[in-house]
**Q** 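Let me give you the structure first, and then I'll get to my questions.
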Amino acid sequence: MASRHIRPRRLRSTPLLRNLVAESEVRAGHLIYPLFVDETLRTPAAIRSMPGQFRWPLERVGGVAARARRLGVPGVILFGVPRRKDPLGSGAYDPRGVIQRAIPRLRRAAPGLAVITDVCLCEYTSHGHCGLVKGGKILNDPTLDFYARVAVSHAEAGATLVAPSGMMDHQVAAIRRGLDDAGFPETPILSYAAKYASAFYGPFREAAGSRPAWGDRRGHQMDPRNWREAIREVSLDLEEGADMVMVKPAMPCLDVIARVKDTLRVPVAAFQVSGEYAMLRAAQRWGGPDVVRESLGAIRRAGADLILSYFALDAARR
Ligand code: PBG
Ligand code: ZN
């Protein structure tokens with residue numbers, strides 16, 4: 001039986017003592033803000049499934065970036081909503097595409113802000129899939145060249161970091177080679193290495209209009225029942241040259257974040273996704289702003305260095 005001298009409550013009795021022994025913390029510098037850029041808009045459009053979040057017109061993204069920078073948020077990750085979609089997702093690698101036009105605006109409005117781009121095709125393909133499609137199948141290897149072209153076009157526009165999210169095998173190697181050959185050997189890759197086929201992406205697909213026209217993404221995104229496979233996926237991406245790895249979604253995968261961090265000891269990001277945001281917004285009505293603090297804190301405690309979160313600006317403000 002524990003001695004009566006031992007009193008864990010002693011260190012909880014004042015804020016000073018609690019702060020002295022806090023094991024983890026969330027600062028603005030740990031947060032990345034996801035930003036939807038919609039080239040069809042002239043004014044911001046509220047996202048119905050994500051109260052408090054907007055799709056932004058090109059003319060306004062600079063202002064949002066400057067606000068993030070002022071609040072001490074070190075980066076944004078961009079998602080594009082193009083005017084037109086086609087089977088090859090050509091808007092994704094068009095030098096005049098929505099992301100390629102957004103990047104210089106962001107760089108001008110907020111020098112020193114990291115501009116991260118999501119590298120995938122699903123927002124740009126008419127069928128809503130992350131790769132080329134033939135006979136009802138998503139083709140792996142023919143998609144890789146397209147991802148490399150997307151990444152290079154983002155680097156040419158001035159992206160700080162590219163973040164491939166398509167979960168095709170060997171995508172990191174293809175993108176690394178593409179960037180190196182195009183003269184961008186120093187552009188780092190943040191790989192969505194352990195990206196699960198999650199129902200928590202629902203609001204995002206509503207916001208970005210990227211819901212697949214048929215089928216689902218279970219043929220390439222990970223099965224939520226698995227964690228060992230996440231270690232394998234992350235290891236492979238690191239071998240292919242990923243500089244940082246991501247686990248996504250975040251709260252349903254705290255065990256995965258912890259195991260990836262403990263096993264591989266590389267920079268780990270976690271994406272608190274759209275469905276988590278929607279769920280936590282509902283919880284905030286009764287739990288107040290601490291709901292956000294606690295959820296972001298849990299992700300940091302699990303081992304994430306960076307958190308991509310729609311709460312980034314709100315959290316940085318406090
Ligand atoms: C795909 C992508 C998705 C998200 C980020 N990148 C959606 C998907 O895989 O269908 C989800 C982000 C979120 O839910 O907040 N480019
Ligand atoms: Zn995709």
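Order of appearance sets the numbers: ligands from 1, and atoms from 1 within every ligand. Counting from 1, the numbers follow the sequence of the chain as shown. The shown structure was predicted, so the numbers you read here are calculated from the model rather than taken from an experiment.
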**Q** Can you pull out the closest protein heavy atom to atom 15 (O) of ligand 1? Residue, atom name and distance to 0.1 Å, please.
**A** Tyr310 OH, 2.6 Å
**Q** So, Lys85 side chain and Glu123 main chain: donor-acceptor pair closer than 3.5 Å or not?
**A** yes
**Q** Counting N and O atoms only, with roles assigned by atom type, does the side chain of Arg105 sit under 3.5 Å from a partner on the main chain of Val61, one being a donor and the other an acceptor?
**A**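 No, Arg105 side chain to Val61 backbone: no donor-acceptor pair under 3.5 Å.
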**Q** Atoms of ligand 1 less than 4.0 Å from Cys120 heavy atoms?
**A**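 Near Cys120, meaning under 4.0 Å from one of its heavy atoms, ligand 1 has 16 (N).
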**Q** Quick test of your reading of the structure: of Glu206, Lys248, His129, whose heavy atom lies closest to atom 11 (C) of ligand 1?
**A**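 Heavy atom nearest to atom 11 (C) of ligand 1 belongs to Lys248.
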**Q** What residue and atom, counting heavy atoms only, is the protein's closest point to atom 2 (C) of ligand 1, and at what distance?
**A** Lys195 NZ, 3.2 Å
**Q** Side chain of Tyr196, backbone of Asn226: donor and acceptor closer than 3.5 Å?
**A** yes
**Q** N/O of Ser210 under 3.5 Å from N/O of ligand 1, yes or no?
**A** no
**Q** Looking just at side-chain N and O atoms, do Glu276 and Ser295 make a donor-acceptor pair shorter than 3.5 Å?
**A** no
**Q** Answer yes when Arg176 and Asp180 have at least one side-chain N-carboxylate O distance shorter than 4.0 Å, and no when they do not.
**A** yes
**Q** Compare Arg205, Gln272, Met246 and give the one whose heavy atom is closest to atom 10 (O) of ligand 1.
**A**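 Going through Arg205, Gln272, Met246 one by one, Arg205 has the nearest heavy atom to atom 10 (O) of ligand 1.
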**Q** Starting from atom 12 (C) of ligand 1, what is the nearest protein heavy atom, named by residue and atom, and what distance separates them?
**A** Phe204 CD1, 3.4 Å
**Q** Look at ligand 1 and say whether Tyr277 reaches it with a heavy atom at a distance under 4.0 Å.
**A** no
**Q** Rounded at 0.5 Å granularity, tell me how far NE2 in His30 sits from CG in Leu308.
**A** 13.5 Å
**Q** Taking 2.8 Å as the upper limit, name the protein N, O or S atoms near the Zn ion (ligand 2).
**A** Cys120 SG, Cys122 SG, Cys130 SG
**Q** Does even one non-hydrogen atom of Arg211 get within less than 4.0 Å of ligand 1?
**A**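 No; Arg211 lies far enough from ligand 1 that no heavy-atom distance drops under 4.0 Å.
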**Q** Identify, by atom number and element, the atoms of ligand 1 in contact range of Ser165, meaning under 4.0 Å from any of its heavy atoms.
**A**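 This gives 1 (C), 6 (N), 16 (N) as the contact atoms.
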**Q** Where is the tightest heavy-atom contact between Arg83 and Thr40, given as atom of each residue plus distance?
**A** CA-CG2, 3.8 Å
**Q** Within the supplied structure, the quantity of interest is the number of heavy atoms (other residues, nucleotides, ligands) at a distance under 6.0 Å from Arg301 CZ; does it exceed 12?
**A** no
**Q** Distance to 0.1 Å, residue and atom name: give those for the protein heavy atom nearest to atom 14 (O) of ligand 1.
**A**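 Of the protein heavy atoms, Ser274 OG, 2.7 Å lies nearest.
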**Q** Taking Lys195 for the side chain and Ser165 for the main chain, is one N or O donor matched with an acceptor at less than 3.5 Å?
**A**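 The answer is yes, because a donor-acceptor pair under 3.5 Å joins these two groups.
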**Q** Using a strict cut-off of less than 4.0 Å between a Lys/Arg side-chain nitrogen and an Asp/Glu carboxylate oxygen, indicate whether Asp262 and Arg259 qualify as a salt bridge.
**A**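 Salt bridge flag = no for Arg259 with Asp262.
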**Q** Check for me whether Glu123 has a heavy atom closer than 4.0 Å to any atom of ligand 1.
**A**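 Yes, Glu123 has heavy atoms under 4.0 Å from ligand 1.
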**Q** With backbone taken as N, CA, C and O and side chain as the heavy atoms from C-beta onward, which portion of Cys122 lies under 4.0 Å from ligand 1: side chain, backbone, both, or neither?
**A** side chain
**Q** Assign the ring pair His127 / Trp214 to parallel, tilted or perpendicular, where the plane angle (0 to 90°) is split at 30° and 60°.
**A** tilted
**Q** Tell me the protein heavy atom at minimum distance from atom 6 (N) of ligand 1, and give that distance in Å.
**A**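 Looking at atom 6 (N) of ligand 1, the protein heavy atom closest to it is Asp118 OD1, 3.3 Å.
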**Q** Under the 3.5 angstrom rule, does the side chain of Arg42 hit a backbone N or O of Pro57 as a donor-acceptor pair?
**A**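 No.
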**Q** Could you walk me through whether Arg293 and Asp290 pass the salt bridge (charged side-chain N to carboxylate O under 4.0 Å, His left out) check?
**A** CA-CA 5 Å; Arg293 199 194 318 273; Asp290 285 350; 3.0 Å; yes
